[in-house]
**Q** 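The structure's right below; bear with me while I get my questions together.
The chains referred to below are lettered A, B, ... by the order of the sequence lines, with proteins before strands, and numbering in each begins at 1.
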Number of protein chains: 4
Amino acid sequence: MPKVTEEHRAARRAQIVAAARRCVIEQGFHKTTMAEVIRESGLSAGAVYGYFKSKEQIVEAIAEEALSTVDELFGKLLASEEPLSPLAALEAALNHVVSIAERPGGDVTRVAIQAWSEALRNPAIMTIAQGKYAQVRGRFEDVARRGQADGTVDPSVDPRHIAQALFGIVPGFLLQRLIMGDVAPGTYTAGLRALLRS
Amino acid sequence: MPKVTEEHRAARRAQIVAAARRCVIEQGFHKTTMAEVIRESGLSAGAVYGYFKSKEQIVEAIAEEALSTVDELFGKLLASEEPLSPLAALEAALNHVVSIAERPGGDVTRVAIQAWSEALRNPAIMTIAQGKYAQVRGRFEDVARRGQADGTVDPSVDPRHIAQALFGIVPGFLLQRLIMGDVAPGTYTAGLRALLRS
Amino acid sequence: MPKVTEEHRAARRAQIVAAARRCVIEQGFHKTTMAEVIRESGLSAGAVYGYFKSKEQIVEAIAEEALSTVDELFGKLLASEEPLSPLAALEAALNHVVSIAERPGGDVTRVAIQAWSEALRNPAIMTIAQGKYAQVRGRFEDVARRGQADGTVDPSVDPRHIAQALFGIVPGFLLQRLIMGDVAPGTYTAGLRALLRS
Amino acid sequence: MPKVTEEHRAARRAQIVAAARRCVIEQGFHKTTMAEVIRESGLSAGAVYGYFKSKEQIVEAIAEEALSTVDELFGKLLASEEPLSPLAALEAALNHVVSIAERPGGDVTRVAIQAWSEALRNPAIMTIAQGKYAQVRGRFEDVARRGQADGTVDPSVDPRHIAQALFGIVPGFLLQRLIMGDVAPGTYTAGLRALLRS
DNA sequence: AATGAATGAGACTTCATTCAT
DNA sequence: TATGAATGAAGTCTCATTCAT
């Protein structure tokens with residue numbers, strides 16, 4: 001008995017989150033009203049509040065969803081057993097950004113930016129962001145360590161710092177993509193590589 | 001019409017902007033209420049509205065202020081006539097981020113993040129961001145070109161792409177500084193350099 | 001969507017309009033505050049704004065209501081098939097003014113005066129007034145034409161001008177009733193008739 | 001010494017009233033702000049408040065000015081010693097309405113309408129209106145009496161009622177002129193006369 | 001369980017008036 | 001006496017949330 005109900009609940013939640021995501025992508029967390037989410041979801045106010053206790057919970061769900069898109073990245077990357085150079089991992093990450101941005105359902109990277117600023121005043125989102133980003137950086141650290149083992153990366157540098165640098169390239173790409181609209185993974189990494197050729 | 005007025009007006013505006021900045025750093029653009037800005041500024045509601053037509057104008061003023069901190073960077077850098085390598089310019093930029101973050105009056109980098117997400121739905125802020133970032137990237141492009149002339153940077157790569165990559169490293173640093181709290185300019189650029197050794 | 005809703009909505013609107021009318025009769029459109037209308041209506045602010053988008057819409061509803069009292073006049077008059085002389089129609093109109101002024105719910109003629117002055121700067125109310133008054137004058141024109149056919153009215157005069165004159169006697173009655181407080185339909189028409197006896 | 005000052009004061013008051021009248025004609029008493037009156041008058045806030053204690057006093061001055069235009073009417077009429085029939089007096093009154101409406105400085109009849117509705121809630125304006133209108137009706141009463149003496153007016157009717165009727169024709173003309181925009185003194189009185197032919 | 005009308009605290013803004021200069 | 005920046009009470013309206021049906 002609970003199985004059906006359980007799926008039903010999950011489907012309803014997804015429906016609400018999808019509606020809210022569409023609103024947030026266009027208007028941001030704060031300009032999105034519950035009335036809009038309710039209308040967009042096709043449910044009633046009471047129903048929505050049956051699945052989420054408050055607007056804040058919906059916001060957190062959306063923020064988590066957006067920040068969780070990084071989870072998928074290394075799932076794909078580490079599936080192949082080939083050796084993965086740091087710059088290859090980075091390029092994969094940038095391609096991943098473009099790929100999720102172009103998914104149907106709306107550009108989730110716009111939500112990610114919102115989550116960054118929201119994290120500054122919402123501890124729940126801050127915690128989610130820290131967890132997700134610690135995890136991705138951990139993956140990049142693995143990649144860096146492998147590169148150091150291979151001899152392709154300077155072994156004298158703390159791999160955690162290499163991971164910070166690698167991970168830190170992604171937000172700037174994402175941001176320029178949304179604000180300037182003129183970046184692409186291939187040329188971006190090319191520009192980066194040009195710097196390193198000394 | 002007295003002479004006082006011009007300076008006085010500027011001082012009052014600064015007073016209001018400073019009050020609003022303090023509020024926005026703590027609570028974000030949307031959770032900051034005019035009542036708080038008014039109280040924090042020490043003025044009356046009417047006085048504040050005498051200097052800014054609406055809350056939105058104050059928000060824009062603060063966003064512009066935060067986005068304009070990039071202006072100071074190359075002013076300093078280009079003052080010295082020494083050749084400036086791209087990575088040196090980048091390191092200067094990261095140091096600049098830390099320096100403005102630690103200024104009295106509050107960490108303006110927290111406002112910059114807000115400005116990013118606000119730009120997505122506020123055309124005025126979008127325009128400011130685009131203008132400022134186009135300008136900084138132009139400076140980084142000059143640096144890249146100089147490097148190419150020096151032979152320290154791969155001349156076959158479009159300097160605009162190099163500028164994108166250079167500029168794009170800064171937001172990730174700023175973000176990690178605020179969210180993870182564990183990055184520093186020196187180790188960050190070290191991590192980056194480590195990627196290049198082959 | 002329940003059946004209740006439609007009637008319920010109408011009843012609520014009427015409740016709000018009645019509350020607002022009471023306020024406007026005492027204080028005028030502009031001195032009436034939404035807080036008073038809300039309190040007087042017994043509803044909450046949100047409820048009131050659920051039925052009317054703005055104070056201006058409430059004002060327009062009240063103005064329309066007041067200007068629409070003329071609608072009832074000829075409904076009654078023309079029901080009877082007796083020939084209706086212009087002066088009889090006028091006397092009926094004046095009696096109608098007194099009758100609506102004394103209705104429970106407040107003297108709507110006070111609202112009508114407000115509507116006149118409001119029409120000068122509110123195009124919506126101007127349009128309503130023009131429509132209503134054009135209609136009443138049309139009725140008076142019919143009466144004038146009948147009189148001309150009967151031979152009781154000078155046939156050489158444009159019936160539209162006769163209608164203007166007939167209709168134009170009413171505002172002055174209404175105004176004197178409210179400002180001077182010393183007019184009555186019977187003596188008023190007697191005074192008028194005395195002029196015409198030459 | 002006081003003479004110059006006295007004239008100066010009067011000139012200043014006139015300047016303020018003229019400015020306020022322009023505003024009120026366009027926007028009505030309540031939508032006219034003191035800031036607008038101040039700007040339009042070319043004086044400073046402090047100066048304006050040196051001549052009028054409050055906005056309400058300015059409103060009253062303008063209302064009085066508008067209601068006082070009736071004073072001029074019988075000044076002219078009674079200057080000529082010719083016998084003045086009631087309908088001739090009326091036609092003179094309607095012409096007077098048109099004449100003051102077309103004066104430079106703005107259509108004061110628009111202010112008169114405002115004064116009517118304002119009188120309903122402002123005792124000061126009510127008193128002014130009652131005084132002025134009692135006076136005009138007194139003049140019309142004189143005319144009626146003369147007519148009765150001449151035998152041109154039915155002597156069995158109370159001349160006060162004749163005066164009410166005569167005076168009461170003017171507001172409807174003024175109103176139709178402003179709202180419908182299609183009346184003229186000549187055709188209006190023609191329409192009125194047509195009613196009398198039996 | 002679902003509905004959606006109702007709630008009411010609180011947001012932003014205006015504007016008549018004052019008073020230090 | 002004149003100025004006009006400053007005041008702050010009060011106005012209109014929104015919107016997250018609840019609860020009777």
**Q** State which residues pass salt bridge (Lys or Arg N to Asp or Glu O under 4.0 Å) with Arg12(C); sequence neighbours excluded, sorted by chain then number.
**A**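 By the salt bridge (Lys or Arg N to Asp or Glu O under 4.0 Å) rule, Arg12(C) matches no residue at all.
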**Q** Show me the pairs that pass ring-ring contact (aromatic ring centres under 6.0 Å, His included) and involve residues 11-49 of chain C, at least two apart or across chains.
**A**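 Counting only pairs at least two positions apart or across chains, the ring-ring contact (aromatic ring centres under 6.0 Å, His included) contacts touching residues 11-49 of chain C are His30(C)-His30(D).
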**Q** Should the pair Glu118(B)-Arg121(B) be classified as a salt bridge under the 4.0 Å nitrogen-to-oxygen rule?
**A**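 Yes, this pair counts.
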**Q** In whole angstrom, give the distance that lies between atom CZ of Phe29(D) and atom P of dA16(E).
**A**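 It works out to 14 Å between those atoms.
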**Q** Using a cut-off of strictly less than 4.0 Å between a heavy atom of the residue and any atom of DNA chain E, enumerate the qualifying residues of residues 19-28 of chain C by number.
**A**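 By residue number: none to list.
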**Q** Has Arg12(B) got a side-chain N or O lying under 4.0 Å from the OP1 or OP2 atom of dA6(F)?
**A**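 Yes, Arg12(B) has a side-chain N/O under 4.0 Å of OP1/OP2 on dA6(F).
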**Q** Taking only residues two or more places apart in sequence, or in another chain, which ones meet Glu26(A) in a side chain to side chain contact (heavy atoms under 4.5 Å, CB included)?
**A**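 By the side chain to side chain contact (heavy atoms under 4.5 Å, CB included) rule, Glu26(A) matches no residue at all.
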**Q** Please give, in whole Å, the distance from dG4(F) C1' to Arg39(D) CZ?
**A**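 Atom-to-atom, Arg39(D) to dG4(F), this comes out as 14 Å.
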**Q** Restricting to salt bridge (Lys or Arg N to Asp or Glu O under 4.0 Å), what partner residues turn up for Lys132(A), sequence neighbours left out?
**A**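 Asp71(A).
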**Q** Test side-chain contact (heavy atoms from CB on, under 4.5 Å) on Gln114(A) and Val59(A) and set out the steps.
**A** CA-CA 10 Å; Gln114(A) 311 252 354; Val59(A) 165; over 6 Å; no
**Q** Can you list every stem that DNA chain E is part of, counting only runs of 3 or more consecutive Watson-Crick or G-U wobble pairs with both distances under 3.5 Å?
**A**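 Result, WC/G-U stems under 3.5 Å: E:2-21 with F:2-21.
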**Q** Ser44(D) side chain: which of dG4(F), dA6(E), dA2(E) is closest?
**A**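 In terms of side-chain proximity for Ser44(D), the closest of dG4(F), dA6(E), dA2(E) is dG4(F).
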**Q** Taking side chain to side chain contact (heavy atoms under 4.5 Å, CB included) as the test, write out the residues that go with Ala19(C), two or more places apart.
**A**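 Per chain and number, Ala19(C) pairs via side chain to side chain contact (heavy atoms under 4.5 Å, CB included) with Arg22(C), Glu40(C), Ser41(C).
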**Q** Give the rounded distance in Å between these two atoms: CD of Gln57(D) and P of dA16(E).
**A**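 Gln57(D) atom CD is separated from dA16(E) atom P by 15 Å.
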**Q** Which part of the nucleic acid, if any, lies within contact of Phe52(D), taking any heavy atom under 4.0 Å across all strands shown: a base, the sugar-phosphate backbone alone, or nothing?
**A**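 Contact class for Phe52(D): none.
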**Q** Suppose we screen for side chain to side chain donor-acceptor pair (under 3.5 Å). Which residues come up paired with Asp107(B), at least two apart in sequence or across chains?
**A**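 Side chain to side chain donor-acceptor pair (under 3.5 Å) list for Asp107(B), sorted by chain: Thr109(B), Arg177(B).
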**Q** Let me have a per-nucleotide readout for nucleotides 9-15 of chain F, 5' to 3', with B, S or -, counting only protein heavy atoms under 4.0 Å.
**A** B-SSBBB
**Q** For Glu65(C), check salt bridge (Lys or Arg N to Asp or Glu O under 4.0 Å) against everything at least two apart and list the hits.
**A**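 Residues passing salt bridge (Lys or Arg N to Asp or Glu O under 4.0 Å) with Glu65(C): Arg21(C).
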**Q** My understanding is that only residues two or more places apart in sequence, or in another chain, count here; which of them pass side chain to side chain contact (heavy atoms under 4.5 Å, CB included) with Ala47(D)?
**A**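 Expected list: Leu43(D), Ser44(D).
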**Q** Which residues pass the salt bridge (Lys or Arg N to Asp or Glu O under 4.0 Å) test with Arg110(C), sequence neighbours left out?
**A**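 Partners of Arg110(C) by the salt bridge (Lys or Arg N to Asp or Glu O under 4.0 Å) criterion come out as none, since no residue qualifies.
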**Q** Give a yes/no answer on whether the side chain of His8(C) brings an N or O atom under 4.0 Å of OP1 or OP2 in dT21(F).
**A**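 Answer is no, no contact under 4.0 Å.
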